[in-house]
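Below is one structure, written out as structure tokens, with a few remarks after it.
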Amino acid sequence: MGFGWWKLFGAALVGILFFHGFCGAERAPDFSFMHNATTAPDISYYDYIIVGGGTAGCPLAATLSQNYSVLLLERGGAPYGNPNITNLSAFGRALSDLSPTSPSQRFISEDGVINARARVLGGGSCLNAGFYSRAATDYAREAGWDTRLVNESYQWVERLVAFQPPMQAWQSAVRDGLVQVGVLPYNGFTYDHIYGTKVGGTIFDLEGHRHTAADLLQYANPTGLTVLLHATVHKILFRTKGKSRPLAHGVVFRDASGNKHRAYLKSGPRNEIIVSSGALGSPQLLMLSGVGPAEHLRAHNITVVVDQPLVGQGMSDNPMNAIFVPSPIPVEVSLIQVVGITHFGSYIEAASGENFAGSSATRDFGMFSPKIGQLSTVPPKQRTPEALAKAVEYMNSLEAPAFTGGFILEKVMGPISTGHLELRTRNPNDNPSVTFNYFKDPLDLERCIQGIETIEKIIESKPFSKFRYLSLAALLNITANSPVNLLPKHANASRSLDQFCKDTVMTIWHYHGGCQVGRVVDDQYKVLGIDALRVIDGSTFIYSPGTNPQATVMMLGRYMGKRILDERLASDGY
């Protein structure tokens, strides 16, 4: 009786210490457990191996490290010391960095939309526009999540990385415009997903410095965690001999020098490998490891471990369309701070400043640059002098105020349209082929049209009047002719909103799917048909959560870490 009480007390004490911040925690960026993979032994053993140190992997690793040994493998480097990641004023530069060491890896979907995937500890939270907003309560309920633990997990994240943004002129005008055109009620500042207009959170602090999912490693038990950087996992290892179904028991990874390492699970029935490599990386790694559509795997000479035709299916990317608004007066640099959550299924957001449009003095065109921009129509391998000259000629034709404005965007919720992902090669460093099928479902297109109509009303509203000096037709024409994707242009795009949506579709980097719950994993995120293997990240989503998913992806890492710990403690008699 006494011994059982002490076990219970001990478990409770660990939970209290962990909930409020572990007493032995270290501060970012001085993590003693973070190393370059070149220092790793050839063979090592852990209770948990997590593949992907991104938005879900970091909070998951921090949580599991409290009681067990954890190896976190990240293919990129650390975010610390890189001003292109840290500084709000530098937003877009990391996305425009096409070097092999960039924290961003560009890919172009088969739809012709330019996109990016993270290659850095902290994942997409190191690259995005920083907006922090929770999923709707209905979303959590439909996912079967425990509401109390969901709220606790969000709060755990928010204590370190979420802030209230300062509201300046551009964002205030968008907020007041949304309210005037009827996106009601006004809900003030809140992390919650509520119909109407609100000011959401941000992962940028008041000094304009980004706080990423990597900062959540401050919660880790330093003696329980090993983080290896520049560690690219090539495959998951399975035991099949004498097993009724395959058992994941290790991974093969290579360091930056190309040296091969193996990490194995320690013996124990509850030790696991967890894949948290994102919506492109997770289905890609399952396929490279022999879990996926058998015919496709054999075409790449990959030995089939489990024929799972739904790996790589259900790929979705929320289409984003925007109207660029040149301003007759200077505007502040601002990222996403305000959102209008409509009843018709579109989210209205805005951003402003020269990091989106470039400098009128230098004419480098910022993110729209044909040479380096994230939104450039000219991909690296097609940047012929002729193609560049044509794109630059158009940009030079714009007036100087075009480079001191901002844009108002709409993002389609869901979406309903889906596509698929396939391997191109057996090299995990290569991008897979992905098709999102933007606007394949007519409801997605209808929501875009209604979103653009709402943006038009905001631009014509009284609160926005000081930023308006061109007609709506001119604004639509500027955007319709801007180099935002590789799709063919149509002459009527500025007059027909359905054509405008199709011609100017972009990404807001909220793509998801490929390892969906109920299709590839069960409701505990365990891969169907395989033991000791889970996938925990945005690849498991059917629809994107909330207006912007990063808050929920970080929450999910913490949430599932707690669920796994609690179940394991219960099984051990605590």
Side-chain angles (χ1 to χ4, degrees), residues 124 128-140 165 170-171 173-203 316-325 334-352 356 406-417 436 438-439 441 443-459 461 464 479 497 500-501 504-512 538 541-553:
N128 64 26
F131 196 61
Y132 184 97
S133 186
R134 297 181 177 190
T137 52
D138 286 349
Y139 188 99
W170 179 274
Q171 294 289 333
V174 173
R175 174 198 62 199
D176 297 344
L178 277 163
V179 171
Q180 187 174 100
V181 304
V183 184
L184 297 167
Y186 175 58
N187 295 306
F189 168 71
T190 179
Y191 295 141
D192 293 334
H193 186 94
I194 312 168
Y195 284 114
T197 297
K198 73 164 190 171
V199 178
T202 178
I203 60 174
S316 292
D317 187 23
N318 301 80
M320 179 187 84
N321 293 79
I323 296 180
F324 186 70
V325 185
S334 72
L335 301 182
I336 311 300
Q337 297 176 359
V338 171
V339 62
I341 300 174
T342 71
H343 285 278
F344 58 78
S346 178
Y347 304 133
I348 314 297
E349 302 174 348
S352 63
F356 291 99
F407 60 81
I408 308 176
L409 67 90
E410 69 78 35
K411 165 195 166 180
V412 173
M413 70 174 290
I416 300 171
S417 304
F436 293 119
Y438 298 102
F439 301 126
D441 190 288
L443 182 54
D444 289 338
L445 183 60
E446 178 58 32
R447 286 170 168 168
C448 175
I449 293 169
Q450 290 183 271
I452 296 297
E453 290 172 342
T454 304
I455 293 172
E456 290 178 334
K457 293 175 185 176
I458 294 168
I459 293 171
S461 70
F464 207 75
T479 306
L497 288 188
F500 179 88
C501 286
T504 67
V505 64
M506 294 177 277
T507 185
I508 195 168
W509 308 292
H510 296 171
Y511 53 89
H512 51 279
F541 295 157
I542 307 294
Y543 300 116
S544 184
T547 63
N548 301 64
Q550 73 166 343
T552 302
V553 178

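- The side-chain heavy atoms of Phe189 and Pro165, taken from C-beta on, include a pair separated by under 4.5 Å.
- Listed by chain and residue number, Asn115, Tyr438, Thr507 satisfy the side-chain hydrogen bond (donor to acceptor under 3.5 Å, both in side chains) test with Asp317 (two or more places apart in sequence, or in another chain).
- Judged by distance alone, with hydrogens and angles left aside, the side-chain atoms of Lys198 form no donor-acceptor pair with the main-chain N or O of Ile341 at under 3.5 Å.
- Looking at Asn318 and Ser316, their side chains never come closer than 4.5 Å, going by heavy atoms from C-beta outward.
- Separation of atoms OH (Tyr139) and CE (Met413) is listed at 10.5 Å; rounding is to 0.5 Å.
- Checked by atom type and distance alone, the side chain of Thr197 never pairs as donor or acceptor with a backbone atom of Arg175 at under 3.5 Å.
- Checked against side-chain hydrogen bond (donor to acceptor under 3.5 Å, both in side chains), His510 has the following partners two or more places apart in sequence or in another chain: Lys411.
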Side chain to side chain contact (heavy atoms under 4.5 Å, CB included) assessment of Phe407 paired with Thr479: CA-CA 10 Å; Phe407 60 81; Thr479 306; over 6 Å; no
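- Using a distance-only test at 3.5 Å, with no hydrogens or angles considered, a donor-acceptor pair links the side chain of Ser417 to the main chain of Asp441.
- Side-chain N or O atoms of Gln337 include none that pairs as donor or acceptor with a backbone N or O of Thr202 at under 3.5 Å.
- Judged as a ring-ring contact (aromatic ring centres under 6.0 Å, His included), and not counting sequence neighbours, the contacts of Tyr347 are His193.
- Within the 4.5 Å cutoff, the side chain of Val181 has heavy atoms near those of the Ile458 side chain.
- The shortest side-chain heavy-atom distance between Glu349 and Ile508 falls under the 4.5 Å cut-off.
- Looking at heavy atoms from C-beta onward, Gln550 lies in side-chain contact with Asn128 at the 4.5 angstrom threshold.
- A distance of 14.0 Å separates OG in Ser544 from CH2 in Trp509, rounded to the nearest 0.5 Å.
- Looking at every heavy atom in both residues, Val338 comes nearest to Gln171 through N-OE1, 3.4 Å.
- Side-chain atoms of Ile416 and Arg447, non-hydrogen and from C-beta on, do get closer than 4.5 Å to each other.
- Side-chain polar atoms of Asn548 and Ser133 form no donor-acceptor pair below 3.5 angstrom.
- Trp170 and Phe464 have perpendicular rings, their planes meeting at more than 60° on a 0 to 90° scale where under 30° would count as parallel.
- Between Val412 and Cys448, the shortest heavy-atom contact is CG2-N, 3.9 Å.
- A heavy-atom distance below 4.5 Å is found between the side chains of Ile455 and Ile452.
- Residues Ile336 and Tyr132 form no side-chain contact, since every pair of their non-hydrogen atoms from C-beta on lies 4.5 Å or further apart.
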